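Here the structure is a predicted model, which is why all the values come from computation and not from measurement.
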Number of protein chains: 2
Amino acid sequence: MSSKSQNTRNQILQAAWKLLEADRGKGVRIADIAKQAGVSRQAVYLHFTKRADLLIETTHFIDHHKDLEGRLRPSRNAATGIERLALFVDAWCHYIVEIYPVAKALLAMSATDSDAAAAWDNRMKAMKHGCEAVINDLKRDKNLSSQMSAKESVDLFWTLLSVRNWEHLTLDCGWIQSKYVAHIKQLSRQLLIAKI
Amino acid sequence: MSSKSQNTRNQILQAAWKLLEADRGKGVRIADIAKQAGVSRQAVYLHFTKRADLLIETTHFIDHHKDLEGRLRPSRNAATGIERLALFVDAWCHYIVEIYPVAKALLAMSATDSDAAAAWDNRMKAMKHGCEAVINDLKRDKNLSSQMSAKESVDLFWTLLSVRNWEHLTLDCGWIQSKYVAHIKQLSRQLLIAKI
DNA sequence: CGTCAACTTTACACCGTGTAAAGTATTCAA
DNA sequence: TTGAATACTTTACACGGTGTAAAGTTGACG
């Protein structure tokens, strides 16, 4: 845990992040990451127990680096449910773009590695609580649509904001980020907020 | 191409289908499929060039077995766009349940195998044409919502019906199939059809 | 009887992950 | 100044799954 050790660890995380972002098709191997970090392949295993572990730690590295907490703060401090909805969508959609490369690799691993699956699941459950908070505030303000139950609203909102939907709309449909955000915001309003 | 050869081929496809449906976590290997089909592992390679090829052929096998074409026919013959929308959603949502196990394996392979990726892409593009046909009929009937362009409506409808959204709502949110279908139908109406 | 097709058997190369262990270089402390 | 701890390198290897190669077996059919 010396500062030198910490430094190497950070270089590995930085390398993983960089390579995953640049990833064209063929997956990123441990050996690639080690090379990029200027370190031997074995050194990676001195800092991370396995590939899944490295990817999970990379997500935390990115969270910290991009100040995820700070980004979410405005939505938590919103005065109304409607405001909170908009601010939450903004923060989350912006975050997806940054986490996506690592998320993709982590999701791919989830099929074979249960730790990877559990780690991603936790993140998505935490994000779901954010969705719940939005719905609760809308309900408090009597602004929640009566079309669905609160629970269904949360599920739907959560699904709408999924990484897979971002992937589909931006990568498969070719929507640029601003168009994606605008539509998601408009849709969530239309589906969750009571008319009049 | 003798009938005996065809028979073996079908047994392999059947075995692949069965094992993928039963798959609990750990992936299905070629050796497993061969064993289930009562055939040597090498025999699989006499009928399919590689794993991706086998999975792709399995999707076609299922299509044929479940009469996908027949299932889609009612939607094609619908008198109005609104009818077509409902019938298309019904057929497709029903189909997802059946194709999902193979789709999951194929999507997992898509990360490493470009043939798998291309094959799934083709299927999804074909399905998108079905979405387009629905939107076109709604437009023809002056029933298409003016909130979005026709192109955007297609993209949105296509995304709404994605396998990933089915996965998220049923497996992650725990919605039963009937609830999933009812909500998707209601949502597509709300988003695509002009009010009044 | 022979031959052709379909399949089996055995063996092996390849890739990427993860483990093991011996060696090296730097730091720090008694 | 010695020597022990820390952080890393180097080399080697086991494992699991895919795909290839080639010789051997079986049965059908002219």
Between P on dT20(D) and CD1 on I30(B), what's the gap in Å once rounded to a whole number? 11 Å
What's the NZ-P distance between K35(A) and dG16(C), to the nearest Å? 13 Å
Rounded off to whole Å, could you give me the CZ-to-P distance for the F48(A) and dT19(C) pair? 15 Å
So, are K50(A) and D113(A) salt-bridged, with charged N and O less than 4.0 Å apart? yes
Can you list the steps and then say if D63(A) with Y95(A) is a side-chain hydrogen bond (donor to acceptor under 3.5 Å, both in side chains)? CA-CA 9 Å; D63(A) 287 356; Y95(A) 176 67; 2.4 Å; yes
Can you measure Y45(A) atom OH to dA14(D) atom C1' for me and round it to whole angstrom units? 13 Å
Out of dA21(D), dT18(D), dC8(D), whichever nucleotide has its closest atom nearest the side chain of Q42(B): dA21(D)
Whole-Å distance between dA7(D) C1' and N10(A) CG? 15 Å
Among dT18(D), dG17(D), dT19(C), find the nucleotide with the atom closest to the side chain of K26(B). dG17(D)
Could you check whether R9(A) gets within reach of a base, just the sugar-phosphate, or nothing at all, counting any heavy atom under 4.0 Å? nothing
Side chains of W166(B) and Q177(B): donor-acceptor distance under 3.5 Å anywhere? yes
Protein-nucleotide distance (K50(B), atom NZ; dC14(C), atom P), rounded to Å: 19 Å
Between atom CZ in R41(A) and atom C1' in dT11(D), what is the gap in whole Å? 11 Å
Output the rounded distance in Å from CG (L46(B)) to C1' (dT9(C)). 12 Å
Picking from dT9(D), dC7(C), dT18(D), the nucleotide nearest the side-chain atoms of A43(A) would be dT9(D)
With the side chain counted from C-beta on, respond yes when N136(B) and V154(B) share a heavy-atom pair under 4.5 Å apart, and no when they do not. no
Does dC8(D) have OP1 or OP2 under 4.0 Å away from a side-chain N or O of H47(A)? yes
